[in-house]
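Only one structure is covered here, and it is reproduced in the block below.
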Amino acid sequence: MEGLKEIVSSVEKELVKTEEKREYALAESRKIIRLSKRIIHSVHLEESSENDRKTIKEQISALIGNVSDCQWILISGPLADAMMEYAEAEILCSSVYGEKLPSYEDLGITPQAWIMGMADTIGEIRRVIVTRLMNGRTDEAFSLFSVMEAMCEELLMFDVPDAILPIRRKQDVARGIVEKTRSDLMAAKLK
């Protein structure tokens, strides 16, 4: 059959390039997730994470630029997880430090990753609130609760098919976290 070998060879070369990009995305995604977790941890310890935040922004921009022709890598798998973790870290920082909330465009990530990261941020804010309560910083805890509650309200308004965004479980978890935190704050207020 005329041209078969050439076409198959061409397909093979393209698939090898895609596999290389996937392997690159896997390795880089792991680095981004580790760095994002370090940023989140630094917020809980009330340490500066400014250098890590700059580094991760550069890493994620480079990674997305290098795999942008493979859209499926951006919306599923390890890179999607890395973008969610990055969103969570940046949204947490902006919430706790009173910074302007970054959009998904500001972060250079997908809208799906941003909203899923915001959903996870609600749990991290709870951890900060509990720490503030334990340290007698109730005003800060109440202030952060209003941020958490606003995020949860917006999250609960999302109604998209799971095939587009599997967010229903995160909505249920967020609702429970907010209610538990509300109870903790009421108990602290009554003391």
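Residue pairs meeting the salt bridge (charged side-chain N to carboxylate O under 4.0 Å, His left out) criterion with at least one partner in residues 85-95, sequence neighbours excluded, are R53-E90. Under the salt bridge (charged side-chain N to carboxylate O under 4.0 Å, His left out) criterion, the residue pairs touching residues 150-164 are D159-R168, D162-R168, with sequence neighbours excluded.
I33 approaches A82 most closely through the heavy-atom pair CG1-CA, 3.6 Å. Nearest approach of F142 to L185, heavy atoms of both residues: CZ-O, 3.6 Å.
Listed by chain and residue number, D106 satisfy the salt bridge (Lys or Arg N to Asp or Glu O under 4.0 Å) test with K100 (two or more places apart in sequence, or in another chain). Contacts of A174 classified as side-chain contact (heavy atoms from CB on, under 4.5 Å), with partners at least two apart in sequence or in another chain: I122, C152, L155. Partners of V11 under the side-chain contact (heavy atoms from CB on, under 4.5 Å) rule, at least two apart in sequence or in another chain, are I7, L15.
Side chain to side chain, E124 and H44 meet the donor-acceptor criterion of an N or O pair below 3.5 Å.
Between R126 and D184 there is a salt bridge, with a side-chain nitrogen of the basic residue lying less than 4.0 Å from a carboxylate oxygen of the acidic one.
Looking at V96, D120, L101 one by one, the single match for side chain to side chain contact (heavy atoms under 4.5 Å, CB included) with I91 turns out to be L101. Only one option out of T121, I129, V128 pairs with M148 in a side chain to side chain contact (heavy atoms under 4.5 Å, CB included); it is I129.
The hydrophobic cluster around V130 extends to M134, counting ILVMFWY residues whose side-chain heavy atoms fall within less than 4.5 Å of a member.
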